[in-house]
Amino acid sequence: MDATAATALSQKNLLGIADLSPEEIVLVLDTAEAMKEVGRRAIKKVPTLRGRTVVNLFFEPSTRTRTSFEIAEKRLSADTLNVAIGTSSVVKGETLVDTALNIEAMAPSMIVLRHVSSGACHLLSRICKAAIINAGDGMHEHPTQALLDAFTIRERKGRIGGLKVAIVGDLLHSRVLRSNLLLLSKLGAEPWVCGPATLIPPGLRNLGVRVTTKVDEAVEGADVVMMLRMQLERMQGGYFPSLREYFRTFGMTQERVARAKPDVIIMHPGPINRGVEIASEVVDGPYSVILDQVANGVAVRMAVLYLLAGGADDETVA
Amino acid sequence: MKRLLRGARVVDPANLVDGQYDVLIDGERIAQIGRELPVDLADGGEVLDLPPGLVLCPGFIDMHVHLREPGQEHKETVATGVLSAVTGGFTAVACMPNTRPVNDNASVTQLILQKAREANLARVYPIGAVSRGQKGEELADIAELHEAGCVAVTDDGLPIATALLARRALEYTSMFGMPVIEHCEDQSLKGEGVAHEGPVAASLGLRGIPGVAEAITAGRDILLAEMTGGHVHIAHMSAWTTLEAVRQGKSRGVRVTAEVCPHHFTLTDDLLAAPVPYDTNAKMNPPLREARDRDAMLAGIVDGSVDVIATDHAPHHYDEKNVEFDRAPFGIVGLETAVSIALDRLVRPGLIRLPRLVELMSVNPARVLNVPGGSLAPGAVADITVLAPTLPVTIDRAALRSKSKNTPYHGWSFTGGVAATFVAGRLVFANPASGWPGRG
């Protein structure tokens, strides 16, 4: 490990980007670079978390995030356990608190929690000794997604400060947006957000963010364009009339991408709806870094796990 | 038995009384108020010389509580609810009909009244449902409810489902002189909301309920009250836009009255974020709103647009609140914190004076519900709340007499509390910390 990893995070948990200082964010990104190097080795494994148990507690379906955490944990030699619980069974049976207390009784080092309710990680952090890592809570935050997005931007652009980052999509329900806005603001980027007026939460303008409903204005001269997933249920909820009209008004096409800087990168947290929020040619085009984001997700999550485990102070560090 | 209370300030705004007086209670009624009343203890009466600084008022009436019985006795019962009431200085409570089963027929009303008689502490005035089963489809048997003892009707927990049903309710209740109490909330705008729609909910990722969801229903019902001549009482007003609708209605002479809860004139939705993020004891409906709304409620209390302070006492079991924020039930307990909050936040800073507080918590609720109380005139029921305006009080949820402990005020300190509570001439609560003499 290089010298930048010599400091640990000040918080025991990672509940959100809101709790991280700019220096801590940079620490995570720097640590992730070292972790990415592990992923390039033939033997992609270090003994850092050997003997530690990490529980991936997922109350919401997830393929990408859960897989990414699991690979990250395995590369750090943690003992990992996946617990996937359908939310419907929880309604009838055990409460989240009781589920967590039972898992806690088996003394895991960390719990990676994905849950449909905003604030679920805060609730667990108040009752668990294990470190809680937020893998997405309701409409609140998805901090490791924002960190991997930042890592990808920094990798491509060499910096984050001063970049125009246009984020387009469902601004009301997106935890990815909340975490990204917090992170980009802390690192001095210029975030712009764009979406239908029905999907813009109140108070967004107070956060030092430029808000527009004109996608061309958001994309104009952008260094980074980040698309958010548009879920079908938003149309059913009456937020916009049809997927066709949504794509026509807000969809990222090659024509729209042409308004951005020539070296723009196109990002998407996945899963992608081709032809809804983003055209296939853009997904598969030269500026797309969508699969880089996925690859970097493992390194960033390794960094978070490593730092929350105590960083270089920990005796098991290689 | 006669009982003479000496040495307190008597605040009885309905009779324009405010000064040092003796109060003579004879049995269940007030016998006399005057200076240096003669003492005649021949028939086993009692003289209580009160410590300086206490204030005798007509009994406080909380016209918006949930006693949960029948059906949800794990949260509260009539017995624990009235114990909580008298501990908080309330001599009477009016209880909401959203029990299980709903109080939409005489047998439920009679059960509640029977439990209240057995508990024999605060008076209990049941409020019946507007619609059968609170389903919002057809009127409940309101004449029967009235005969059984209901003093008002409401579908509280929900608004009256349609403008037509609200119209019918306002017309029909006018035959009995009962108000229609409205839980104002446009259901389509509320949607899946769990918090006030604003920057705080946006940053916490909580679904919002806009203030106008309340004002729209209030506006609808104020117009209908104007048209029908009925009396609409706006429950737990929280949004500045609702207050504007109430003011407009009053200025046009509409029979509209309105109540505000202590949490809505003291707290804002900032409490959702800190000190305990996603604290389910800060979740209630209507939700804590923004400073503009909170300040409007204070202004309405000062200028007279607000008629009543009521608590919306909504007990919930610890287990029910110890869950994810969006899954927790709405509501907080309020009976044992209201007086301290009102004294500390309204009277102590000089926003209102004690006579106005007595109007808000005694005179006006008695008038709105057309029930006894609100006056210490000779012959009136001897329901008396004794305030200790300088008593330091720290709220301790473990010490609450309510069966439920869901309060956001745990650990808060206030200046002002309850010294004693009399119902029908009987001392039902005395607070030793206030220096109350004799047995408590």
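By convention in this document, chain letters (A, B, ...) are assigned in the order of the sequence lines, proteins followed by strands, and residues within each chain are numbered from 1. Since this is a predicted model, take the numbers as computed values, not measurements.
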List in chain and number order the residues that pass salt bridge (charged side-chain N to carboxylate O under 4.0 Å, His left out) with B/Arg345, two or more places apart in sequence or in another chain; answer none if no residue qualifies.
none

Which is it for B/His236 and B/His264 under the ring-ring contact (aromatic ring centres under 6.0 Å, His included) test, yes or no, and what are the steps along the way?
CA-CA 8 Å; B/His236 46 51; B/His264 287 129; 7.4 Å; no

Would you compute the distance between atom NZ of B/Lys75 and atom NZ of B/Lys321 and round it to the nearest 0.5 angstrom?
9.0 Å

Side-chain polar contacts of residues 192-209 of chain B - donor-acceptor pairs under 3.5 angstrom, sequence neighbours left out - could you list them?
unit_1   : atom_1 : unit_2   : atom_2 : d
B/His196 : ND1    : B/Arg289 : NH1    : 2.9
B/His196 : NE2    : B/Glu290 : OE2    : 2.8
B/Ser203 : OG     : B/Val200 : O      : 3.1

Which pairs would a plain distance check flag for residues 128-140 of chain A, meaning a side-chain donor or acceptor within less than 3.5 Å of a matching protein atom at least two apart in sequence or in another chain?
unit_1   : atom_1 : unit_2   : atom_2 : d
A/Asn134 : OD1    : A/Gly136 : N      : 2.6
A/Asn134 : OD1    : A/Asp137 : N      : 3.3
A/Asn134 : ND2    : A/Leu15  : O      : 2.8
A/Asn134 : ND2    : A/Asp137 : OD1    : 2.9
A/Asp137 : OD1    : A/His140 : ND1    : 3.3
A/Asp137 : OD1    : A/Glu141 : N      : 2.9
A/Asp137 : OD2    : A/Gly119 : N      : 2.8
A/Asp137 : OD2    : A/His140 : ND1    : 2.8
A/His140 : ND1    : B/Tyr278 : OH     : 3.2
A/His140 : NE2    : B/Tyr278 : OH     : 3.2

Enumerate by number any residue of residues 180-197 of chain A whose heavy atoms lie under 4.5 Å from heavy atoms of chain B; in the absence of such residues, state 'none'.
none

Which region of A/Arg178, side chain (C-beta onward) or backbone (N, CA, C, O), has a non-hydrogen atom less than 4.5 Å from a non-hydrogen atom of chain B, or is it both or neither?
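Only the side chain of A/Arg178 comes within 4.5 Å of chain B.
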
Geometric cation-pi criterion B/Lys283 and B/Phe325, 6.0 Å radius, 45° cone
yes

